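Taking it in order: structure first as structure tokens, then the write-up.
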Amino acid sequence: MIDLYTAATPNGHKASIALEELQLSYALHALSFDRKEQQAPAFLGINPTQQRWHAALDARPAVQRALQVQRREAADEQAVKTAQSMLVL
């Protein structure tokens, strides 16, 4: 899930249009420049560069997949080493 933090600006609309066109699911979090929400500590915590819009991706599933691949590769590497040691006479 992508969290899109944006205001009602042309660039903000472009970001949401792109996500719609790509058929990606996202949660819209509207910011108000009038209330200076882009400078609020909560928003600066996820977007310290104060970009006009920000998309945050929940990276936990990607990290979990990467760890699974890493474990699988380590297991494969160990299997190859074991097989090679059996072949050495």
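These figures come from a predicted structure and were not determined experimentally.
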> Considering the options Leu24, Leu22, Leu28, which one meets the side-chain contact (heavy atoms from CB on, under 4.5 Å) requirement together with Ile2?
Replying inline: Leu24
>> Restricting to side chain to side chain contact (heavy atoms under 4.5 Å, CB included), what partner residues turn up for His29, sequence neighbours left out?
In response: Asp3, Tyr5, Ala27
> Glu20: what forms a side chain to side chain donor-acceptor pair (under 3.5 Å) with it, not counting sequence neighbours?
Replying inline: Tyr26
> If we only count heavy atoms from C-beta on, is the Leu31 to Thr6 side-chain gap below 4.5 Å?
Replying inline: no
>> Just to verify, what does Thr82 make a side chain to side chain contact (heavy atoms under 4.5 Å, CB included) with, not counting sequence neighbours?
In response: Gln78, Met86
> Is any side-chain heavy atom of Leu4 less than 4.5 Å from a side-chain heavy atom of Ser16?
Replying inline: yes
